[in-house]
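Residue numbers run from 1 in the order of the sequence given. These numbers come from the heavy atoms of this one structure, side chains and all, not from hydrogens, waters or symmetry mates.
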Amino acid sequence: MDRQFVAPEAPSLSAPNRWRGHSGRLRLPDGLPARLGYDAVGMPADIGRRVMKCLPRIGCVFADDQRWWWIVPSASHIDVAWPSFTSYAIGAHMTDLSARSRLPRLVHHPQDDSPYTPPIPLYFMTCHIAGIRPHWSPGDATGPSQAV
């Protein structure tokens, strides 16, 4: 399986920031249409690196020293109980930047023209790596356990 990794480890916060001035929203690279809109699922960096090695199809992934962010189609949190250690950013708007001066930077660019990581395989792999049982909540549109 051929994947394009930009960086094997989470980038340093001292790295140049191409995203400054974009209202705290993760910006997709030019040429990747997000026809379904997009959100982001964040997780601790150590889990993010492990998930990256296991998924067969990966879209855009952003990272900083603490968290990795996976681009998913909008509303990928509805009826899914993402694990408590994850964060869900609607519209990929990062609102917890008080401790960070920069947005996470792109560490994986997909090979095709889709920015998305399929949310269901991402959900199952995240749960598997964390050693927790997946939990569906059909009809519960309250969203994620922790919003960003």
Quick check: closest heavy atoms across [X] and [Y], and the distance to 0.1 Å?
X: L36; Y: Y116; answer: N-OH, 3.0 Å
X: D39; Y: S74; answer: OD2-CA, 3.4 Å
X: P29; Y: L106; answer: CG-CD2, 3.6 Å
X: R25; Y: G91; answer: NE-O, 2.6 Å
X: W70; Y: W68; answer: CD1-O, 4.0 Å

Min side-chain heavy-atom separation [X]-[Y] under 4.5 Å:
X: Q111; Y: I58; answer: no
X: L32; Y: H109; answer: yes
X: W82; Y: V41; answer: yes

Decide yes or no on side chain to side chain contact (heavy atoms under 4.5 Å, CB included) for F62 and H108, but give the supporting numbers first.
CA-CA 7 Å; F62 294 83; H108 183 267; over 6 Å; no
Give the C-alpha distance, both sets of side-chain angles, the deciding distance and a yes or no for side chain to side chain contact (heavy atoms under 4.5 Å, CB included) between S114 and R57.
CA-CA 10 Å; S114 173; R57 185 167 169 269; 3.2 Å; yes
Have a look at F124 and tell me which of I120, L122, T126 forms a side-chain contact (heavy atoms from CB on, under 4.5 Å) with it.
I120
Go through T117 and L55 one step at a time and tell me if the side chain to side chain contact (heavy atoms under 4.5 Å, CB included) criterion holds.
CA-CA 9 Å; T117 295; L55 286 178; 3.7 Å; yes
Separation of D64 CG from R67 CZ (nearest 0.5 Å):
8.5 Å
Please check if the side chain of S76 supplies one atom and the backbone of V72 the other of a donor-acceptor pair under 3.5 Å.
no
Is a donor on one side and an acceptor on the other found under 3.5 Å between the side chain of Y38 and the backbone of L26?
yes
